[in-house]
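Numbered from 1 within each chain, the chains take letters A, B, ... in sequence-line order. Every value quoted in this text rests on a predicted model; they were computed, and no experiment measured them.
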Amino acid sequence: MHWLYLGIAVVLEIVVAISAGNAKGFTRPLWTIATLVSGGIATYFLSLALLTFDVGVGYAIWTSTASVGIVVLGTLMFGQQLGWKKLLGIAVVIGGVVGLRLSGGA
Amino acid sequence: MTSATEKNTRRGFAWLILLLAAVFEIGYALSVGGSKAFTVYSWSLVAVVFFLLTLFFLSVSLRTIDVGIGYAVWAGIGSVGSAIFGAYLFDQPLTPTNAFFLAVIIAGVVWLKLADSPKLEAKSTDVPLAEAVHAKG
């Protein structure tokens, strides 16, 4: 279950990033509320995941896979180019997460 | 007119705010872990405070600092700090294997954030996500 909780927290963290970008320094009320609500739910699911994951491990997987998700979303929805630099970053993050999983660290 | 000195002071201040945001992010990660899914009230309250502080300080610093660079520094410090202090605070020892793969993940995420930097990518035709998101909003 802890991977599922972390997955839900990751999806919500991507919503946080998009909302926070649109909140423009929290000057836009609706985007600010969206940021706080999605951030609150993301935090709750992260806390559920951290019942099982070590804090440092769970947190690193959460924030890094959310970053990968943000870049992938940028490519799919906002027509950003996915250059070799971003692909390398994504590959390194995924390699690290898989490594943790296979070595029994997560 | 803004003098060069004033600009430097403003940049220095923004970096100080960013470093504080990163420290708050470490506090956020640790207190969310310590809250035991928000059943321990003291840690839960601290988590909520750190959540608001890290979000606010990060957004203030990113008005001056480039989004990609700012996120890279913030995420890097947050992840390294959470791993190190989490190990001590919660008695969750970092094995060499764990530390190695955590270092790989953190290097990857810092690299990814830098690759998403409008400033560093200014020469390319690539539209940075932050700007794309802003343009859409």
Quiz prompt | Selection from B:Leu30, B:Val48, B:Leu112 maximising heavy-atom pairs under 4.5 Å formed with chain A | solution =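 Option with the greatest count: B:Leu112.
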Practice problem: Identify which of B:Ser79, B:Ser44, B:Gly86 forms the greatest number of heavy-atom pairs closer than 4.5 Å to chain A. | Solution: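 Among the listed options, the one with the most contacts to chain A is B:Ser79.
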At their closest point, which heavy atom of [X] faces which heavy atom of [Y], and how far apart are they?
X	Y	value
B:Lys113	A:Ser67	NZ-OG, 3.0 Å
B:Ile105	A:Ser64	CG2-OG, 3.3 Å
A:Leu51	B:Ala37	CD1-CB, 3.8 Å
B:Gly108	A:Val92	CA-CG1, 3.6 Å

Please classify the contact of [X] with chain A as side chain, backbone, both or neither, using a heavy-atom distance under 4.5 Å.
X	result
B:Tyr28	side chain
B:Ser82	both
B:Ser35	side chain
B:Ala87	neither

Are [X] and [Y] connected, step by step, through hydrophobic side chains (Ile, Leu, Val, Met, Phe, Trp, Tyr) whose heavy atoms are closer than 4.5 Å?
X	Y	result
B:Val23	B:Leu89	no
A:Val10	A:Ile41	no
B:Leu58	B:Leu19	yes
A:Met1	A:Phe53	no
A:Leu48	A:Leu4	yes

Pairwise side-chain contact, [X] with [Y], heavy-atom cut-off 4.5 Å (strictly under):
X	Y	value
B:Leu55	A:Leu36	yes
B:Val32	A:Tyr59	no
B:Leu114	A:Lys85	no

Quiz item: If you count heavy-atom pairs under 4.5 Å with chain B, which of A:Val93, A:Val68, A:Thr35 comes out on top?
Solution: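 Of the candidates given, the most pairs with chain B belong to A:Val93.
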Quiz item: So which of A:Gly56, A:Gly89, A:Ser47, A:Ala49 has the biggest tally of heavy-atom pairs under 4.5 Å with chain B?
Solution: A:Ser47
I need the [X] [atom1] to [Y] [atom2] distance, nearest 0.5 Å.
X	Y	atom1	atom2	result
A:Thr43	B:Phe50	OG1	CZ	13.5 Å
A:Leu102	B:Thr97	CG	OG1	12.0 Å
B:Asp116	A:Ile70	CG	CD1	8.5 Å
A:Ile61	B:Phe101	CD1	CZ	11.5 Å

Are more than 12 heavy atoms from other residues, nucleotides or ligands located less than 6.0 Å from atom [atom1] of [X]?
X	atom1	answer
B:Phe38	CZ	yes
A:Tyr44	OH	no
B:Phe100	CZ	no
B:Phe85	CZ	no

Self-check item: B:Gln92 side chain vs A:Val55 backbone, donor-acceptor pair below 3.5 Å
Solution: yes
Self-check item: Engaged part of A:Ile90 at the chain B interface, taking heavy atoms whose separation is under 4.5 Å
Solution: both
Quiz item: Between B:Trp111 and A:Leu88, does a side chain to side chain contact (heavy atoms under 4.5 Å, CB included) hold up when you go through it step by step?
Solution: CA-CA 9 Å; B:Trp111 172 271; A:Leu88 176 64; 3.9 Å; yes
